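Shown next, in structure tokens, is the structure this report addresses.
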Amino acid sequence: MKDNENKNGFLFEAINYKFLLIGLAVIALGFILMSGGGSEDPNVFKENELFSFRRIGLAPTVVLAGFGVVIYSIFKKSK
């Protein structure tokens, strides 16, 4: 067996999977922050809700941070 192979048959170590799950949760949070802003009445357009800082600035930043954590979890070297 090679030195860099895990004995349990998984591709990564447990810490990598923890970071992966954290990253996926952060991505999901970003998409939850993006949701909403709709109107019950199709004749009413709520510009302030739809183009708020939360949906235009914060949510995409959170999603990109989540992707960064996922990429980190993939490239993290095992000891």
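As the structure is a computational prediction, the values presented were derived from the model and not from experiment. No hydrogens, no waters, no symmetry mates; every other heavy atom, side chains included, goes into these values.
Taking CD1 of Ile27 as the start and CD1 of Ile32 as the end, the distance is 12.0 Å to the nearest 0.5 Å. In this structure, OG in Ser73 is found 6.5 Å from CZ in Phe12, a value given to the nearest 0.5 Å. We find the CD-NZ distance between Glu40 and Lys46 to be 7.5 Å, quoted to the nearest 0.5 Å. Going from atom OG1 of Thr61 over to atom CG of Leu33 covers 10.5 Å, rounded to the nearest 0.5 Å. A distance of 9.0 Å separates CZ in Phe67 from CG in Leu24, rounded to the nearest 0.5 Å.
When all heavy atoms are compared, the tightest approach of Val70 to Leu20 is CG1-CD1, 3.7 Å. Counting all heavy atoms, side chain and backbone alike, Arg55 lies closest to Glu49 at NH1-O, 2.5 Å. The two residues Val63 and Met34 come nearest to each other via the heavy atoms CG2-CE, 3.8 Å. What you find for Val69 and Phe19 is that their closest heavy atoms are CG1-O, 3.4 Å. Closest of all the heavy-atom pairs between Gly30 and Ala59 is O-CB, 3.4 Å.
Under a hydrophobic-cluster definition in which Ile, Leu, Val, Met, Phe, Trp and Tyr are linked whenever side-chain heavy atoms come within less than 4.5 Å, directly or via other members, Phe75 and Ile15 are assigned to different clusters. Residues Val26 and Leu58 share a single hydrophobic cluster, defined by chaining ILVMFWY side chains whose heavy atoms lie under 4.5 Å apart.
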**Message:** If you apply the rule side chain to side chain contact (heavy atoms under 4.5 Å, CB included), what do you find for Ile74 with Asn16, and how did you get there?
**Reply:** CA-CA 7 Å; Ile74 293 171; Asn16 295 77; over 6 Å; no
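The environment of CZ in Phe45 is crowded: more than 12 heavy-atom neighbours from other residues, nucleotides or ligands sit within 6.0 Å. More than 12 heavy-atom neighbours from other residues, nucleotides or ligands sit within 6.0 angstrom of NZ on Lys76.
In this structure the side chain of Tyr17 reaches within 4.5 angstrom of the side chain of Leu11, judged on heavy atoms.
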